Amino acid sequence: MSGEQAAAAGRVPAGVPVGPGGAVALSRVVPVSGRRWTVPRWVRRAVGPVGLVVVWQVLSGGGVLPADLLASPVDIARTAGGLVADGTLPSAMGVSLQRVAVGLVSGAAVGIALALVSGLSRLGEDLVDATVQMLRSIPWVGVIPLFIIWLGIGEAPKIALIAVGVAFHLYLNVYAGIRGVDAQLVEAGTSLGLGRWGLIRHVVLPGALPGAMTGLRYALATAWLALVFGEQVNADDGLGFLMNQAREFFRTDVIVVCLVVYAMLGLLADFLVRTLERLLLQWRPTFTGQ
Amino acid sequence: MTPGTSTRPPESSRPSEPVAAATAAGAADAQEGGGVAVRVDGLVREFDRRRVLDGVRLDIRAGEFVALLGRSGCGKSTLLRVLSGLDREIEGEVLVPRRRAVAFQAPRLMPWKRVWRNVVLGLPGRPERVVAERALTEVGLDHRADAWPKTLSGGEAQRASLARALVRDPDLLLLDEPFGALDALTRITAQRLVAEVWRERGCAVLLVTHDVEEALLLADRVLVMADGRIAHETAVELPRPRDVGDPRWTALRAQLLGRLGVAEADGGADSHVDGDVDGGAGVRRTPDGRGADR
């Protein structure tokens, strides 16, 4: 320090530590393992849903929730048992699952194909992307009447509705995934002598996989949503039909059973995507939570 | 072009060609391998009418280790990209071997491929795992063949990247500041590894770097680039392994630092031996108006 600065330091108000000898407050760094009592993850994940059911049962039992507005969990379990026993629920689920599967596969095929065309080539982008972006902003629920006019009231309009919802989500995310691939890796691939197809197969598509997985999550959610809409219009089987019928007879217990089935199927779909991500994206160096 | 005498070590597997052959007309086709690994003449590369490479002339003999120094933005990386074939919007003559490989500053491993699959990526046909393992052994990384790139340390990733270049059995190895992102200790190990690989392989190497000491430790010839041209070149005729305490080495270092426009100062943390070549280098300037301690 120059003399002037030293003099300035001398004018610092008392209490501000200026030099050696001032005591520093130390705090202990607590090891993670000593601090944390670990509960298995599946237990932690189950706490929310189970707690919700318990609260619900308590409210129903205490008379806060009248049975004609919302049946209690115990009643619902009994109704569900009956629906399973007489075969109504399994057959409805079978029909609905089949619709979702067919719609998902066909929608995914179209969405991914379009995403590849516009993601991989600039010509494809010019031809496809603007069109898809335009159609995307049409609310797809609004086209149900048109689908019925065009495709009748059979399976076709329901599957088409699911496919449309799925296709847009996959298109957007796969396209974004392809365009989000690190240009440095593409360049590295080029320097290693990969041709166009080699680059697509070894660099671009694996790089787009995280985006595709996000798209798949959205697509599955949309597929269930589209299923409900589709089955409540002109259906004579499936979960949506069961719900519609129950509404007419004021059977809140049946409605709730169907909703629970939807929730379970959603949970199952989420589990499938998680498993798929764990298998396909294990290379990804991303934050996984603490 | 200074015809540097052959500084190739005698244990090289490839015969050192006489330098004169490099300029002979018959050796013009680099793919013939007639002693020339790289021939560049009148190379121009413009970015938005700004000349980044402005008539570069460069010859590299087969098996020669050349270091390319320059301040950031001088065009040295652009030159390397041209030689690697990644940048072809150029004018001028560029002859390079068909078998060439690049190791970039960032390892650029495909994160979705295990290490050994990264190494054989782009090889023709269906390469066996053994091929990758051989190259990985050469860089001391065979035990990580099955690892995901995200689990590698910086030095390991860089070695995997080097193995990926070596597995192509290149006649020209292009290294774009490959040690730039490594810590000081890992860098020393990596530099030794490159020296060893070069000694055993005998391929031509072009090392782009901004580290004068690295260039002087490894290269037969050091080029300094400025304003899109090769502004200066020095043959490093010192025996290997090089000794940083050797006064000739220190003198070369000072000379090159001067060429790069950096006056050598004392008290620098990275200085091994400070020959005060520049008269004023030892004096710390403390202009008036600024505190003496800053």
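We use all heavy atoms of the structure for the numbers below, so side chains are in, but hydrogens, waters and symmetry mates are not. Here is the naming used below: chain letters follow the sequence lines, and residue numbers restart at 1 for every chain. It should be emphasised that the depicted structure is a prediction, and the values quoted were computed from it without experimental measurement.
In the displayed structure, B/Arg114 atom CZ is contacted under 6.0 Å by more than 12 heavy atoms of other residues, nucleotides or ligands. Within 6.0 Å of atom CD in B/Glu128, 12 or fewer heavy atoms from other residues, nucleotides or ligands are found, so the atom counts as exposed in its surroundings. Counting heavy-atom neighbours within 6.0 Å of A/Tyr262 OH, excluding the residue itself, gives a total above 12.
The structure places CD of B/Glu91 at 11.0 Å from CG of B/Leu53, a figure rounded to the nearest 0.5 Å. With rounding to the nearest 0.5 angstrom, the CG atom of A/Leu272 is 10.5 Å from the CG atom of A/Leu267. Distance CG/B/Leu207 to NZ/B/Lys76: 10.5 Å, rounded to 0.5 Å. Separating the CG atom in B/Asp176 from the CG atom in B/Leu83 is a distance of 11.0 Å, to the nearest 0.5 Å.
With 3.5 Å as the limit, one finds no donor-acceptor pair spanning the side chains of A/Ser191 and B/Arg100. B/Glu177 and B/Thr209 form no side-chain donor-acceptor contact under 3.5 Å, judged by distance and modelled atom types alone.
Contacts from residues 198-213 of chain A to chain B, taken as heavy-atom pairs separated by less than 4.5 Å, involve A/His202, A/Val203, A/Pro206, A/Gly207 in sequence order. For residues 114-139 of chain A, a heavy-atom distance under 4.5 Å to chain B picks out no residue at all. Residues of residues 104-113 of chain B that come closer than 4.5 Å to chain A, counting heavy atoms only, are B/Phe104, B/Ala106, B/Arg108, B/Leu109, B/Met110, B/Pro111, B/Trp112, B/Lys113, ordered by residue number.
Under a 4.0 Å N-O distance rule, the pair B/Arg39/B/Glu93 does not qualify as a salt bridge. Comment: A/Arg217 engages A/Asp270 in a salt bridge, judged by a side-chain N to carboxylate O separation of less than 4.0 angstrom.
With a 4.5 Å cut-off on non-hydrogen atoms, B/Leu86 touches chain A through its side chain but not through its backbone.
Contact count against chain B (heavy-atom pairs under 4.5 Å) is highest for A/Leu185 among A/Leu280, A/Leu185, A/Leu281.
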Step by step, would you call B/Glu133 with B/Arg129 a salt bridge (Lys or Arg N to Asp or Glu O under 4.0 Å)?
CA-CA 6 Å; B/Glu133 276 173 349; B/Arg129 188 191 155 105; 2.8 Å; yes
Apply salt bridge (Lys or Arg N to Asp or Glu O under 4.0 Å) to residues B/Asp171 and B/Arg99 and explain how you reach the verdict.
CA-CA 6 Å; B/Asp171 292 318; B/Arg99 282 184 307 176; 3.4 Å; yes
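Legend: side-chain hydrogen bond (donor to acceptor under 3.5 Å, both in side chains) pairs involving residues 79-90 of chain B, not counting sequence neighbours, sorted by first then second residue: A/Glu187-B/Arg81, B/Arg45-B/Asp87.
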